[in-house]
Amino acid sequence: MKRTLLNHSLLTPALLARTLLSTALALSFTAAHAAGEAKNIIFFLGDGMGPSTITAARIFKYGEDGSLTMDTLERTARIKTFSNDAQTTDSAPSMAAYMTGVKMNNEVISMSPDTVATNPGRDANGNLGVNNCAAGNGTPAVTILELAKAKGKAVGTVTTTELTHATPATAWSHICNRNAQYAIAAQLVPGGAGFNPALGDGVDVLMGGGRNHFTPFAAGSNAAGRADGRNLLAELAAKGYTVAGSKAEMNAAAPGKKFIGLYSSRSHLEYELDRTATPPLGEGASQPSLAEMTVKAMDLLASNTNGYFLMVEGGRIDHALHGTNAKRALTDTIAFDDAIKAALAKAKQNDPTLANTLIVVTADHDHTLAINGYAKRGNPILDINRGYRDNQPGRDADGNTYTTLVFGNGPNRPNLRTSLDSATVLADNYLQETGVRLSSETHGGGDVKLFATGAGAKAFKGTLDNTRVFSLLRSASGL
């Protein structure tokens, strides 16, 4: 290697001082980078947000030549999503691969590859409250959240699903089956029966739905709750947590205390399309948006001077896709993207160049949503297909109109197709047609996209296995 010697005799004192300062800063940067430069990490996960969903959401909101916020992040990669035992993964092992760097079997949450998925049993009330995971059935796989907690950082998870659902649970839980949600909830209570000791004094910020997994069983129309009689929210409050059940209570929470906000008494938060309405349980209008939850979580976590790790899930994208309801899937994707936009703006208030903040956006798996036909530019993505040459409705081999968005499988496959009209297909509750008839649309096995920006983002490039993302997160933050 050719070496260039610095001739100090040719430098003025001022220039020499500037040169030495520049060298010192460069060496300081190199040392800081080697130790891990990302003080804060925000990991965004769009559940089921495959490439076609991203493209359709972009067109839906901004048009063909527009951009989502995630599109503007400067680093991109393709991510392989297969699990230890399946070509097409479910959310538990695919998200756990990001969180632990370990391939595991479908339905398993943050455990070793040899763990066998074992369904929970029904308790006396008919709920899945009996954990059937045997003591010798696999071993826990350390998560990035646990590593951050051990390093003295604040940690949190935010989701639009039940807090104990597969994706958020992978960050802080270890269990042989994703459906054992009552046992998963118990892992969050410091010092309580079933607590995950790797969480130290507990996860600092928790937000989502599914309050029933934390509270005692109550007979009635909902017939949900814990058969063991424990009130985990009361136990968390006794450990110093602020407990919230609405947007107003969330907004009132002050930094300096741990926080749990559960904004649905049972099941998930409302779809974004329905969030401001009043659903049967009367909770939609009081639920915060994903962007509002994200910004509040950042506020609460920022009180820790060591930094933080925050996982944010747009979980209901996946649910709408399973139901072949593209309108709600795209609307939730936009809400997810708005959360990314809000997080970027918030982070840049104190870290303008993101020198200390890494933001990663990706999906856990694909779906079977497809953009088909030769629609003209500007044709609404949810509408019937209209040709780019003549703007006339496209027709199938039998002369019937069809939509641009369809699914590879799902329940809505007519035995005999008939023509579709715009009023029908643009309605909120319209379900797109499918190729193969199944009771519910499945995940897709294709690669998904990853976007990154900020400290350590340059390493996210090429085609990566999902387990590799864990290593890159760990390297970027020095964990």
Side-chain angles (χ1 to χ4, degrees), residues 47 91-92 109 119-131 157-169 172-173 175 177-189 194 203 206-237 241-250 259-290 292-293 313-320 322-323 325 328 332 335 429 440:
D47 200 313
S91 294
I109 288 182
N119 288 321
R122 302 261 175 202
D123 58 31
N125 303 314
N127 298 311
L128 295 175
V130 179
N131 178 16
T157 60
V158 171
T159 180
T160 55
T161 70
E162 297 165 319
L163 182 59
T164 52
H165 215 238
T167 298
W172 41 262
S173 175
I175 203 158
N177 193 282
R178 57 177 288 173
N179 295 318
Q181 294 188 74
Y182 290 96
I184 290 171
Q187 296 193 29
L188 283 171
V189 183
V203 179
L206 296 157
M207 298 193 202
R211 197 179 305 124
N212 56 291
H213 295 115
F214 293 79
T215 53
F217 175 79
S221 58
N222 293 327
R226 302 185 63 84
D228 60 11
R230 291 177 67 184
N231 187 329
L232 302 188
L233 294 181
E235 293 181 31
L236 287 165
Y241 279 77
T242 296
V243 178
S246 67
K247 175 180 174 179
E249 292 174 352
M250 178 192 80
F259 177 87
I260 181 168
L262 297 178
Y263 311 116
S264 172
S265 59
R266 186 180 183 186
S267 194
H268 315 290
L269 275 62
E270 293 297 315
Y271 288 112
E272 181 65 17
L273 193 65
D274 309 313
R275 186 175 57 82
T276 56
T278 302
L281 296 179
E283 297 171 321
S286 68
Q287 292 174 354
S289 69
L290 186 59
E292 291 166 337
M293 289 191 287
E313 183 201 18
R316 304 230 61 194
I317 301 168
D318 174 77
H319 298 162
H322 278 305
N325 181 212
R328 283 183 172 80
D332 264 55
N429 297 324
S440 176

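Note that CG of N177 and CG of L128 are 9.0 Å apart. Values are rounded to the nearest 0.5 Å. Between the CD1 atom in I317 and the OG1 atom in T160 there is a gap of 7.5 Å [rounded to 0.5 Å]. Here the NZ-OG distance, from K247 to S286, works out to 10.0 Å after rounding to the nearest 0.5 Å. Rounded to the nearest 0.5 Å, atoms CG (L269) and OH (Y263) are 8.5 Å apart. Here M250 contributes atom CE and T242 contributes atom OG1; the two are 13.0 Å apart, rounded to the nearest 0.5 Å. Interatomic distance, F214 CZ to L262 CG, rounded to the nearest 0.5 Å: 5.5 Å.
Counting only N and O atoms by type, the side chains of N429 and R328 include a donor and acceptor under 3.5 Å apart. Defined by atom type and a distance below 3.5 Å, a donor-acceptor pair is missing between the side-chain atoms of D318 and S91. If you check the side chains of N125 and N127, you find no donor sitting under 3.5 Å from an acceptor. Counted by atom type alone, T164 and H213 present one or more donor-acceptor pairs between their side chains at under 3.5 Å.
Proximity of a side-chain donor or acceptor of R266 to a complementary backbone N or O of R211 within less than 3.5 Å is not detected. For the pair Q287 (side chain) and E270 (backbone), a donor-acceptor distance under 3.5 Å is present. Side-chain atoms of E292 do not come within 3.5 Å of backbone N or O of P288 as any donor-acceptor pair. Here the side chain of Q187 pairs no donor or acceptor atom with the backbone of I184 at under 3.5 angstrom.
Shown here for A186 and R226, the closest heavy-atom pair between the two residues is CB-NH2, 4.2 Å. Minimum interatomic distance between Y241 and I260 (heavy atoms only, all atoms of both residues): CD2-N, 4.1 Å. Taking all atoms of both residues into account, the shortest heavy-atom contact from P168 to T159 is CG-CG2, 3.9 Å. Contact record, L290 with E313: CD1-O, 3.8 Å, taken as the closest heavy-atom pair. Between D123 and A227, the shortest heavy-atom distance links the atoms OD2-CB, 3.5 Å. Scanning all heavy atoms of the two residues, the minimum distance from Q181 to R178 falls at CG-O, 3.6 Å.
Contact check on R316 versus D47 returns no salt bridge, with no Lys/Arg side-chain nitrogen under 4.0 Å from an Asp/Glu carboxylate oxygen.
Close placement of the H319 and H165 rings is indicated, their centers lying within 6.0 Å of each other.
The shortest side-chain heavy-atom distance between N212 and Y182 falls under the 4.5 Å cut-off. Contact check for L232 versus T215: no side-chain heavy atoms found under the 4.5 Å cut-off.
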